[in-house]
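Encoded as structure tokens, the structure appears first; notes follow it.
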Amino acid sequence: MNQMKQKIRKDMIQKRKDLTIQEYQTKSDCICQKIMRRSDFQQANVVYAYFAVRQEVSLKTIIQYCLKRNKQIALPRVEGENITFYLIRGFEDVGEGYFHVMEPKASCEKAPAPDLLLVPGVAFTDSGNRLGYGGGFYDRFLKEHPCKTIGIGYDFQLLKELPTEEHDICLDEVITD
């Protein structure tokens, strides 16, 4: 199973790397627009998002939208074996953290429970199965903090099936371009 997961990770990360800057921006914008039109997003007071790495779908448009409208937006920070979400009030509240990923600075306030959690991933299925990078951060978080979840990825990241394990947490849905 681990070999299959590693192969999928390698293939998907390469496909993301192969995107041109224009494709990356267009696809990311398309996905952000889809999310921002949703009633569950519009009604959410607290949105948990992420800062994209390795050509993941960029949620910068959503983060900016939330900041301009005083909608609470939180990003994860790795703390030991777990992630904790912190509110940001602007991009000045973010700095380089774990594995060079942009994270909220230590001065940021811990976020209240989310109304909506936008989850990155390497691959997904229609039924909400998710393959991440293998650290288990989101699975551990969701086990302790169940909430409305949306996996965020490109069309090519949506697969018919994925190898899953007992500890994997299924997402409510997946949005792609």
Side-chain angles (χ1 to χ4, degrees), residues 1-21 23-32 34-35 38 40-41 47-60 62-63 74-86 94 96-104 111 113-114 116-177:
M1 180 163 339
N2 272 350
Q3 284 180 323
M4 186 185 283
K5 284 184 173 186
Q6 291 300 355
K7 180 175 178 4
I8 293 169
R9 283 187 185 106
K10 185 179 176 198
D11 292 347
M12 290 297 129
I13 290 169
Q14 186 58 54
K15 283 184 178 186
R16 288 194 326 219
K17 281 182 185 173
D18 291 343
L19 291 172
T20 66
I21 299 283
E23 288 171 326
Y24 172 70
Q25 290 171 338
T26 301
K27 290 174 182 292
S28 291
D29 188 52
C30 171
I31 293 165
C32 286
K34 282 184 179 183
I35 294 165
R38 295 171 56 96
D40 54 1
F41 174 79
V47 176
Y48 282 18
Y50 61 86
F51 215 90
V53 295
R54 300 187 201 145
Q55 296 277 82
E56 288 174 332
V57 173
S58 172
L59 298 183
K60 195 171 185 179
I62 287 173
I63 295 168
L75 301 176
R77 185 168 68 221
V78 173
E79 297 177 339
E81 292 288 307
N82 298 301
I83 52 174
T84 304
F85 284 81
Y86 291 88
V94 179
E96 192 174 305
Y98 182 79
F99 272 99
H100 308 290
V101 176
M102 299 302 280
E103 299 180 336
L116 184 63
L117 171 56
L118 306 176
V119 185
V122 176
F124 304 91
T125 65
D126 276 331
S127 59
N129 289 320
R130 171 186 169 272
L131 179 65
Y133 293 103
F137 292 105
Y138 278 90
D139 290 320
R140 283 191 295 281
F141 179 84
L142 289 169
K143 185 176 181 189
E144 297 296 319
H145 307 89
C147 60
K148 168 75 175 172
T149 55
I150 300 175
I152 308 297
Y154 304 107
D155 287 341
F156 61 78
Q157 290 178 274
L158 204 56
L159 304 178
K160 289 197 185 325
E161 59 182 11
L162 283 171
T164 58
E165 297 180 56
E166 201 174 290
H167 65 268
D168 292 336
I169 304 284
C170 205
L171 305 176
D172 294 317
E173 60 186 296
V174 178
I175 292 180
T176 67
D177 51 306

#### Entry: Contact summary for L162 and A123, nearest pair of heavy atoms
CD1-O, 3.6 Å

### Message
Can you confirm whether Y24 sits close enough to R16 that some side-chain heavy atom of one is under 4.5 Å from a side-chain heavy atom of the other?
### Response
no

### Query
With a 4.5 Å heavy-atom cut-off, do F51 and P76 have their side chains touching?
no

### Task
Begin with the C-alpha distance, continue with both residues' side-chain angles, and end with the deciding distance and a verdict on side-chain contact (heavy atoms from CB on, under 4.5 Å) for V78 and V101.
CA-CA 9 Å; V78 173; V101 176; over 6 Å; no

### Message
Below 30° counts as parallel, above 60° as perpendicular, anything between as tilted: where do the rings of F85 and Y138 land?
### Response
perpendicular

### Message
Distance check, rounded to the nearest 0.5 Å: Q55 atom CD versus I13 atom CD1?
### Response
11.5 Å

### Query
Would you find a donor on one side and an acceptor on the other, under 3.5 Å apart, between the side chain of Q157 and the backbone of M12?
no

### Query
Quick one: CZ on F156 to CG on D18, what's the gap to the nearest 0.5 Å?
8.5 Å

### Query
How many angstroms lie between CG in L159 and CD1 in I8, if you round to the nearest 0.5 Å?
6.0 Å

#### Entry: Closest approach of V119 to Y50 (non-hydrogen atoms, all atoms of both residues)
C-CE2, 4.1 Å

### Message
Could you check whether any side-chain N or O of R140 sits under 3.5 Å from a backbone N or O of G135, counting only pairs where one atom can act as donor and the other as acceptor?
### Response
yes

### Task
Give the minimum heavy-atom separation between D168 and T164, together with the two atoms involved.
OD2-CA, 3.2 Å

#### Entry: Criterion side-chain contact (heavy atoms from CB on, under 4.5 Å) on I169 and T149, from CA distance to verdict
CA-CA 10 Å; I169 304 284; T149 55; over 6 Å; no

### Task
Look at atom NE2 of H100 and say whether more than 12 heavy atoms of other residues, nucleotides or ligands are closer to it than 6.0 Å.
no

### Message
What I want to find out is whether D11 reaches K15 closely enough, with some N-O distance under 4.0 Å, to be called a salt bridge.
### Response
no

### Query
Could you give the distance from OG1 (T125) to CG (L158), rounded to the nearest 0.5 Å?
7.0 Å

### Message
How about CD on E96, more than 12 heavy atoms from neighbouring residues, nucleotides or ligands closer than 6.0 Å, or not?
### Response
yes

### Message
Just by distance, no angles: are the side chains of Q6 and N2 close enough, under 3.5 Å, to form a donor-acceptor pair?
### Response
no

### Summary
In terms of heavy-atom contacts, R130 and G121 come closest through NE-CA, 4.0 Å

### Task
Any chance you could lay out the side-chain contact (heavy atoms from CB on, under 4.5 Å) test for L116 and I150, step after step, and finish with the verdict?
CA-CA 8 Å; L116 184 63; I150 300 175; 3.6 Å; yes

### Task
Enter the distance from I152:CD1 to L118:CG here, rounded to the nearest 0.5 Å.
5.0 Å

### Query
Among D29, D155, T26, V57, whose side chain to side chain contact (heavy atoms under 4.5 Å, CB included) with D177 holds?
D155

### Task
Determine the minimum heavy-atom distance between G132 and V122, stating which atoms define it.
O-CG2, 3.5 Å

### Query
Run the side-chain contact (heavy atoms from CB on, under 4.5 Å) check on L142 and C147 step by step: do they pass?
CA-CA 7 Å; L142 289 169; C147 60; 4.0 Å; yes

### Task
Can you measure from CD (E173) to CZ (R38) and round to the nearest 0.5 angstrom?
4.0 Å

### Message
Give me the atom names and distance for the closest heavy-atom approach of E79 to T84.
### Response
OE1-OG1, 2.8 Å

#### Entry: Side-chain (R77) to main-chain (P104) donor-acceptor, under 3.5 angstrom
yes

